[in-house]
Structures are given as structure tokens and as C-alpha cells.
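Everything on this sheet refers to the single structure shown next.
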Protein chains: 2
Amino acid sequence: MKLSARSRYAARLLLSLASHESNTPIRTAILSEETGITIQFIEQIIRPLKKAGFIKSVRGVAGGHILDKAPSEITLGQIVRTMEGAISISNCLDCDSQCDRSVDCKTKKVWERASRAMEVELDSITLADLLDPQDSAEA
Amino acid sequence: MKLSARSRYAARLLLSLASHESNTPIRTAILSEETGITIQFIEQIIRPLKKAGFIKSVRGVAGGHILDKAPSEITLGQIVRTMEGAISISNCLDCDSQCDRSVDCKTKKVWERASRAMEVELDSITLADLLDPQDSAEA
DNA sequence: TTAATCATGAGTAGATTAATCGGGTATGCG
DNA sequence: CGCATACCCGATTAATCTACTCATGATTAA
């Protein structure tokens with residue numbers, strides 16, 4: 001029931017980008033220092049984040065990465081969905097489930113409810129909330 | 001972010017046991033038929049469930065397994081905790097985390113909140129709720 | 001004593017994952 | 001142009017994890 005490192009790292013990376021107020025691109029090497037993730041792994045994690053429109057990149061000298069959305073418009077739920085595909089704790093909930101007992105599966109409904117509760121919580125938190133020094137007022 | 005098969009199967013098995021009203025032990029072979037899980041894997045999954053006090057077993061002829069608690073007193077949260085160790089979507093939340101950035105880790109708090117939301121939901125559902133033919137009134 | 005049934009530690013094949021590698025491509029500067 | 005900087009990306013690997021099986025032992029009732 002653990003998130004992949006990709007999801008956790010994606011959150012770290014986007015948060016790191018969001019914490020740079022300037023509008024200049026941040027190099028991968030800098031992100032690596034700030035997050036403790038290797039440069040090459042960062043490159044791999046950034047790919048889907050770009051495709052999803054969270055990050056814009058600039059090539060060449062003085063290039064780097066920069067947020068393409070306001071931190072207040074990026075929820076943790078969006079990030080996790082981008083990296084994991086879907087927020088669900090059982091495969092039988094993803095796309096068209098192949099489980100032959102799914103028609104009236106009692107336990108399936110439980111996993112569905114639990115997944116949904118988690119998703120609602122993740123969707124209620126934005127990067128901007130995390131930047132705010134106040135320690136999560138509603139936690 | 002998926003549950004292990006062990007957790008899902010444990011829920012199936014306990015629900016299967018709960019659905020037998022009689023007080024006679026149910027053989028592993030029967031459980032296997034009802035749940036679609038191999039006998040040997042069931043035996044493995046039942047071990048922690050016995051240790052946790054959900055199931056009592058009777059050896060020998062006419063032996064089998066039987067619930068040792070009322071279905072209304074077994075929550076899905078308890079089942080998942082028994083099988084997974086803890087309900088958390090990030091290792092950095094389990095026991096004493098070894099992550100050196102955990103002191104003031106912003107993202108850690110997010111995973112904490114999401115895990116907690118899921119746990120609350122799972123703890124609110126009992127086996128008795130699932131037995132009830134009414135389709136989860138509050139879902 | 002025999003058949004039924006649960007108990008358990010060890011083992012295995014396959015999948016998944018985190019991370020690396022080795023190259024490629026765009027950009028700016030002199 | 002030629003070179004340095006920096007991002008881009010498909011393929012691969014090493015390690016871990018997981019679902020599941022095996023072989024054998026222990027208990028009970030008839």
C-alpha cells in the first residue's frame with residue numbers, strides 16, 4: 001500500500017520548484033541538490049510531469065525547469081494521479097477490472113470507499129498550502 | 001499504492017467465514033471454493049489472522065476455522081493493519097523513519113493526512129456492514 | 001491406527017521497481 | 001562555425017518484493 005518513489009519524488013520536485021519565487025528556470029543539478037534525488041532519476045520523473053503540464057523546460061545554456069502553473073492550482077491528488085495512473089488501493093478498481101467476482105463483490109466496495117477518501121484528502125491540498133509556513137491549519 | 005493480495009484475501013476469507021451463520025468450523029477446502037484462493041495460500045493468510053484473534057481453528061476430523069469475534073466487532077481497518085503492518089502510503093511514516101529530511105518534511109505531512117483519511121474510512125466499516133444486504137447506506 | 005485436517009518453515013518463479021547508461025538534441029556565445 | 005551547457009529519451013540492469021508452492025509435521029476423532 002505504498003506510493004512509488006516516483007510519486008513521492010514528483011511531489012518533492014514540484015515543491016522545490018514552487019519554492020523558487022523567481023521566474024528563471026532551475027537546473028536539474030540544483031533540483032538534485034535540493035531534493036537528494038539523482039540527476040538522471042529526476043530527468044525520468046520530470047517527463048510525465050511535463051506531459052501533464054506542470055512543468056515547462058528551457059534547453060541550452062541558462063536553461064532549466066520552471067513551474068507552468070500556479071502552486072495554488074496544483075493539488076497533490078493531481079500529482080499522484082499523474083505518477084500512479086489512478087488513486088486506488090486495489091487493481092480491481094482500475095479501468096475495466098478483470099476480476100470475475102466484481103459484479104457483486106462486497107470487498108471491492110470497501111476498497112473503493114477507502115481509495116476515494118484518500119483521493120479527496122489529496123485533492124484538498126495544493127503546493128501553495130505546503131509552501132505556507134503555517135503548519136497545515138486543518139490537519 | 002496497492003494493497004497486497006494478502007490483505008484483500010484476508011478480507012474475503014473473514015467475510016466468507018462471517019457469512020456462515022452456523023457455529024461449526026469451516027474447512028479450508030470450503031473456504032477455497034468460496035473465495036477462489038488456493039488452499040495452501042489460505043493456510044498462509046490465516047496464520048496472522050489467528051494470531052490477531054479473528055479466527056479460531058479446530059484440528060482433526062470435522063475441524064476447520066471459525067470466527068472468534070462478532071462480525072460487528074471486526075473492522076476492515078483492523079484486518080488491513082493485521083496484514084500490512086500499518087495503514088500508511090509512505091515508508092517514512094512507519095515506526096522510526098530513517099529519512100534524514102523527516103524533521104520538517106512538508107510532503108511527509110501530506111502522506112500522513114492521506115493515510116489517516118483512508119484509515120478512518122476503513123475503521124468505519126465492519127464485516128457486519130458488508131453482510132447486510134442493503135447496499136452500503138452511507139457510501 | 002488410520003484418515004482427516006490444520007500448522008509451518010523453507011523455497012521459487014515471475015513481476016515490479018528504482019536507478020543507471022549511453023547516447024541524442026536544442027540553445028547561446030564567441 | 002565550434003563548443004559548452006543543459007535538457008531529452010529509449011533501453012537496461014540489479015535488487016527487491018510478492019504471490020504462491022512444497023514438503024513435512026502435529027492433532028484429533030472414529
Side-chain angles (χ1 to χ4, degrees), chain A residues 1-13 16-17 24-33 35-52 54-68 80 83-86 89-92 94 98-99, chain B residues 1-13 16-17 24-33 35-68 80 83-85 89-92 94 98-99:
Chain A
M1 207 189 4
K2 303 301 185 218
L3 288 170
S4 67
R6 289 162 50 86
S7 289
R8 289 185 290 109
Y9 289 175
R12 267 199 220 166
L13 287 171
S16 184
L17 280 179
T24 61
I26 312 297
R27 277 182 297 128
T28 310
I30 304 291
L31 290 175
S32 176
E33 281 173 26
T35 60
I37 310 169
T38 66
I39 291 183
Q40 289 194 306
F41 202 20
I42 288 180
E43 286 179 343
Q44 191 179 111
I45 290 162
I46 274 186
R47 286 183 224 184
L49 294 177
K50 291 186 56 166
K51 198 173 289 180
F54 297 121
I55 292 178
K56 198 170 44 181
S57 301
V58 182
R59 286 183 163 196
V61 181
H65 307 283
I66 198 165
L67 271 196
D68 201 20
V80 173
M83 305 307 288
E84 305 275 328
I89 60 175
S90 175
N91 288 319
C92 70
D94 298 340
Q98 67 284 50
C99 176
Chain B
M1 207 190 359
K2 302 302 184 217
L3 288 169
S4 67
R6 290 161 51 84
S7 289
R8 288 185 290 108
Y9 289 176
R12 267 200 219 166
L13 286 171
S16 184
L17 280 180
T24 61
I26 313 296
R27 276 183 296 131
T28 310
I30 303 292
L31 289 174
S32 176
E33 279 173 27
T35 60
I37 310 168
T38 66
I39 291 182
Q40 289 195 306
F41 201 21
I42 288 180
E43 287 178 342
Q44 192 178 110
I45 290 162
I46 274 187
R47 287 183 223 185
L49 294 177
K50 291 185 55 165
K51 198 173 290 180
F54 297 121
I55 292 178
K56 199 171 42 180
S57 299
V58 181
R59 288 183 163 194
V61 181
H65 307 282
I66 198 165
L67 270 195
D68 202 20
V80 173
M83 305 307 288
E84 305 276 328
I89 60 176
S90 175
N91 287 319
C92 70
D94 297 340
Q98 66 286 50
C99 176

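The chains referred to below are lettered A, B, ... by the order of the sequence lines, with proteins before strands, and numbering in each begins at 1. Just so you know, these numbers come straight off a predicted model, no measurement behind them.
Distances shorter than 4.0 Å separate some side-chain N or O of A/R27 from OP1 or OP2 on D/dA6. A close approach under 4.0 Å does not occur between any side-chain nitrogen or oxygen of A/S57 and OP1 or OP2 of D/dA6. For B/Y9, a side-chain nitrogen or oxygen approaches OP1 or OP2 of D/dC20 to under 4.0 Å. Taking 4.0 angstrom as the limit, A/T28 places a side-chain polar atom (N or O) nearer than this to OP1 or OP2 of D/dC7. At C/dT20, one or more side-chain N or O atoms of A/T38 fall inside 4.0 Å of OP1 or OP2 (strictly under the cut-off).
What separates NE2 of B/H65 from C1' of C/dT5 is a distance of 8 Å, to the nearest Å. When rounded to the nearest whole Å, the span between CD1 of A/I39 and P of D/dC8 equals 13 Å. Regarding B/M1, its CE atom lies at a distance of 18 Å from the C1' atom of D/dT18, rounded to whole Å. Rounding to whole angstrom units, CD of residue B/Q40 and P of C/dC6 are separated by 12 Å. Here C/dT8 presents its P atom at 15 Å from CD1 of B/I45, a figure rounded to the nearest Å. Rounded to whole Å, the distance from NZ on A/K56 to P on D/dC7 is 15 Å. Rounded to whole angstrom, the span from the CD1 atom of A/I46 across to the P atom of D/dA6 amounts to 14 Å. Rounded to an integer number of Å, the gap from CD of A/E33 to P of D/dA6 is 12 Å.
For B/R6, taking side-chain heavy atoms from C-beta onward, the closest of the listed nucleotides D/dA19, C/dA18, D/dC9 is D/dA19. For B/F41, counting side-chain heavy atoms from C-beta on, the closest listed nucleotide (C/dA7, D/dT21, C/dA18) is D/dT21. Nearest to the side chain of B/V61, among C/dA3, C/dA19, C/dT8, sits C/dA3. Comparing D/dG10, D/dC7, C/dA19 by their nearest atom to the side chain of A/R47 picks out D/dG10.
Across every non-hydrogen atom of A/S4 and A/E84, the tightest pair is OG-OE2, 2.9 Å. What you find for B/I39 and B/A29 is that their closest heavy atoms are CD1-CA, 4.0 Å. Heavy atoms only, all atoms of each residue included: A/H65 and A/L17 are closest at O-CD2, 3.6 Å. For the pair A/V58 and A/P25, the tightest heavy-atom approach, listed with the atom from each and the gap, is CG2-CG, 3.8 Å.
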Practice problem: Please report the C-alpha distance between A/M83 and A/L3 in whole Å, then the side-chain angles of each, then the deciding distance to 0.1 Å, and finally whether the side chain to side chain contact (heavy atoms under 4.5 Å, CB included) criterion is met. | Solution: CA-CA 9 Å; A/M83 305 307 288; A/L3 288 170; over 6 Å; no

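Position along DNA chain D of the nearest nucleotide to B/A62 versus B/I37 favours B/I37 as the more 5'-ward residue.
A donor and an acceptor atom never sit less than 3.5 Å apart when one is taken from the side chain of A/R59 and the other from the base of C/dG28. On a pure distance criterion of 3.5 Å, no polar donor-acceptor pair joins the side chain of B/Q44 and the base of C/dT8.
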